[in-house]
Amino acid sequence: MINKCLFPVAGYGTRFLPATKAMAKEMLPIVQKPLVQYGVEEAVEAGLTDIAFVTGRGKRAIEDHFDRSYELEHQIAGTGKEAALSGIRSLIDQCTFSYTRQRHMAGLGNAILTGKTLIGDEAFGVVLADDLCFGHHKGVLQQMVTLYRQFRCSIVAIEEVPEDETHKYGVIAGDSMGDRIYRVNNMVEKPAPGDAPSNLAIIGRYILTPDIFEILENTPPGKNGEVQITDALLEQARTGCVIAYKFDGRRFDCGSVDGFVAATNYCYQNCYLPNAG
Ligand code: UTP
């Protein structure tokens with residue numbers, strides 16, 4: 001069973017400056033809900049209710065969001081506005097939330113390693129909340145948890161991207177193991193044009209087995225001088241097994257302005273319900 005989900009939210013979100021100067025990128029709303037709430041809802045749908053955040057300076061609004069707000073709640077008690085908080089209240093009731101801080105923005109791999117203290121020695125999910133995912137029938141993380149039961153190894157979610165966009169992602173190569181599933185045999189972080197081993201890009205959903213921490217401890221800084229989770233996963237693939245899973249659903253890169261606007265339009269048309277918390 002997987003119970004824990006790690007949310008690395010320590011990044012600076014520079015593509016959204018000045019909005020992110022004093023506010024966490026993960027608190028930007030898609031219509032009426034912050035990005036991070038969509039991510040936690042996806043984790044809970046997959047049965048992952050121990051929510052662990054790797055935060056940084058300027059991210060306290062995330063902690064406040066996943067806590068009661070007595071003054072506000074008292075103010076709107078008994079009015080029609082109360083329903084707007086029902087979704088977040090339900091998450092607060094179902095989940096435990098824990099926090100640790102990444103000292104330096106030393107890369108996603110370093111952020112995940114920082115979360116070791118909150119995860120311990122068990123398999124766990126990772127959600128990058130700026131990748132907003134909508135599964136067709138089940139949430140993307142839930143699809144991955146089902147796959148984990150079968151393979152018992154680390155799993156990365158992938159999607160096909162145009163060749164001129166592979167340089168933005170970690171890109172895998174692998175042997176097809178049937179519908180949507182590959183056994184990874186190569187991974188390159190943000191490949192230069194022409195160096196991408198495929199057009200299968202890793203997106204912000206992972207299930208990781210706990211041996212990843214020891215591998216990360218021994219992973220030197222890679223691309224851009226940052227500790228890359230892709231480098232650690234490649235090591236894990238070489239010595240064991242890593243599965244790449246072409247998820248069934250849609251993803252929006254809400255870390256970019258274009259993706260954020262597309263997600264907003266999509267949600268406004270497909271998910272927006274007045275008072276949906
Ligand atoms: P990104 O590179 O997309 O996020 O990292 P960023 O750095 O915040 O964004 P820009 O490029 O400056 O606009 C992917 C995810 O990894 C987390 C980020 O918070 C984001 O969710 N991250 C990245 C960390 O927590 N720590 C890091 O050192 C790096």
Side-chain angles (χ1 to χ4, degrees), residues 5-30 34-40 42-43 51-63 65-66 97-119 124-133 140-141 156-159 161 165-171 187 189-191 201-206 208 212-213 216-217 219-233 251-263:
C5 192
L6 190 68
F7 286 75
V9 294
Y12 288 129
T14 53
R15 284 168 287 174
F16 275 90
L17 285 170
T20 45
K21 181 166 175 276
M23 188 184 77
K25 166 171 79 169
E26 296 77 10
M27 287 302 293
L28 290 170
I30 299 293
L35 271 170
V36 67
Q37 186 176 335
Y38 289 92
V40 172
E42 187 184 326
I51 307 296
F53 289 97
V54 177
T55 71
R57 284 173 287 280
K59 302 278 178 167
R60 275 174 43 193
I62 295 176
E63 293 181 45
H65 187 69
F66 292 105
F97 299 93
S98 52
Y99 301 86
T100 189
R101 278 197 181 199
Q102 186 184 18
R103 253 172 281 161
H104 311 285
M105 296 314 118
L108 178 58
N110 178 264
I112 291 173
L113 181 57
T114 304
K116 178 184 179 184
T117 182
L118 303 176
I119 299 294
F124 59 103
V126 177
V127 169
L128 306 186
D130 50 357
D131 266 344
L132 180 56
C133 292
V140 174
L141 211 54
V156 298
I158 52 167
E159 94 177 347
V161 299
E165 288 189 19
T166 49
H167 67 279
K168 298 181 190 167
Y169 297 90
V171 179
M187 265 187 197
E189 181 61 29
K190 299 191 173 69
I202 302 173
I203 63 115
R205 298 291 181 277
Y206 306 77
L208 301 176
I212 198 74
F213 292 128
L216 280 167
E217 276 159 9
T219 301
K223 199 96 184 184
N224 303 330
E226 297 181 335
V227 177
Q228 300 290 350
I229 187 64
T230 341
D231 293 339
L233 281 163
R251 175 196 69 111
F252 295 93
D253 171 14
C254 295
S256 75
V257 172
D258 287 348
F260 183 87
V261 172

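Everything quoted here is computed from the prediction, not taken from an experiment. Along the sequence shown, residues carry numbers from 1. Below, each value reflects all heavy atoms present in this structure, side chains not excepted, and no hydrogens, waters or symmetry copies. Remember, it's 1-based here, ligands and their atoms both numbered in the order they're listed.
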(Q) If we count only non-hydrogen protein atoms and require a distance under 4.0 Å, does atom 13 (O) of ligand 1 qualify as touching the protein? (A)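 Within 4.0 Å of atom 13 (O) of ligand 1, protein heavy atoms are found.
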
Q | Exercise: identify the closest heavy-atom pair between L132 and C254 | A |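 Minimum heavy-atom contact is CB-SG, 3.8 Å.
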
**Q.** Presence of salt bridge, D131 and R205, under 4.0 angstrom
**A.**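 The answer is no: the pair does not qualify as a salt bridge.
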
Q. Of the backbone atoms (N, CA, C, O) and the side-chain heavy atoms from C-beta on, which set of A129 has a member under 4.0 Å from an atom of ligand 1: side chain, backbone, both, or neither?
A.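 A129 to ligand 1: no contact under 4.0 Å from either part.
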
Q. Where does V54 meet ligand 1, judged by heavy-atom distances below 4.0 Å: at the side chain, the backbone, both, or neither?
A.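 Contact part for V54 vs ligand 1: neither.
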
Closest non-hydrogen protein atom to [atom], residue and atom name please, with distance?
atom                    : value
atom 9 (O) of ligand 1  : K25 NZ, 3.2 Å
atom 20 (C) of ligand 1 : D130 OD2, 3.9 Å
atom 8 (O) of ligand 1  : G13 N, 2.8 Å
atom 2 (O) of ligand 1  : R15 NH2, 4.4 Å
atom 25 (O) of ligand 1 : A10 N, 2.9 Å
atom 21 (O) of ligand 1 : P8 O, 3.1 Å
atom 26 (N) of ligand 1 : Q102 OE1, 2.7 Å
atom 16 (O) of ligand 1 : L108 CD1, 3.7 Å

Q: Apply side chain to side chain donor-acceptor pair (under 3.5 Å) to the pair N110 and E226, showing each step before the final yes or no.
A: CA-CA 8 Å; N110 178 264; E226 297 181 335; over 6 Å; no

Drop me the distance from [X]'s [atom1] to [Y]'s [atom2], to the nearest 0.5 angstrom.
X    : Y    : atom1 : atom2 : result
T114 : L6   : OG1   : CG    : 9.0 Å
S98  : I119 : OG    : CD1   : 7.5 Å
F97  : I62  : CZ    : CD1   : 11.5 Å
Y12  : R57  : OH    : CZ    : 5.5 Å

Q) Does the separation of the ring centres of F213 and F124 fall below 6.0 angstrom? A)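 Yes, the ring of F213 comes within the 6.0 Å limit of the ring of F124, centre to centre.
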
(Q) As a check for students: among A24, G11, A111, G107, identify the option with a heavy atom nearest to atom 28 (O) of ligand 1. (A)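 Nearest option to atom 28 (O) of ligand 1, by heavy atoms: G107.
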
Q | Numbered atoms of ligand 1 (with element) below 4.0 Å of M105, judged on heavy atoms | A |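 By the 4.0 Å cutoff, the relevant atoms are 28 (O).
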
Q | Worked check of side chain to side chain contact (heavy atoms under 4.5 Å, CB included) between D130 and L28 | A | CA-CA 9 Å; D130 50 357; L28 290 170; over 6 Å; no

Within the structure, is a non-hydrogen atom of [X] found at a distance of less than 4.0 Å from ligand 1?
X    : value
E26  : yes
N110 : no
V9   : yes

Q.
Is it the case that ligand 1 has an N or O less than 3.5 angstrom from some N or O of H104?
A.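 No: no nitrogen or oxygen of H104 is under 3.5 Å from one in ligand 1.
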
Q: Would you indicate whether the side-chain heavy atoms of I202 and T230 approach each other to under 4.5 Å?
A: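 SC-SC contact between T230 and I202 confirmed.
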
(Q) Is there a side-chain contact between K168 and K190 in this structure, where contact means two heavy atoms from C-beta onward sitting under 4.5 Å apart? (A)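 No. Closest side-chain heavy atoms not under 4.5 Å.
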
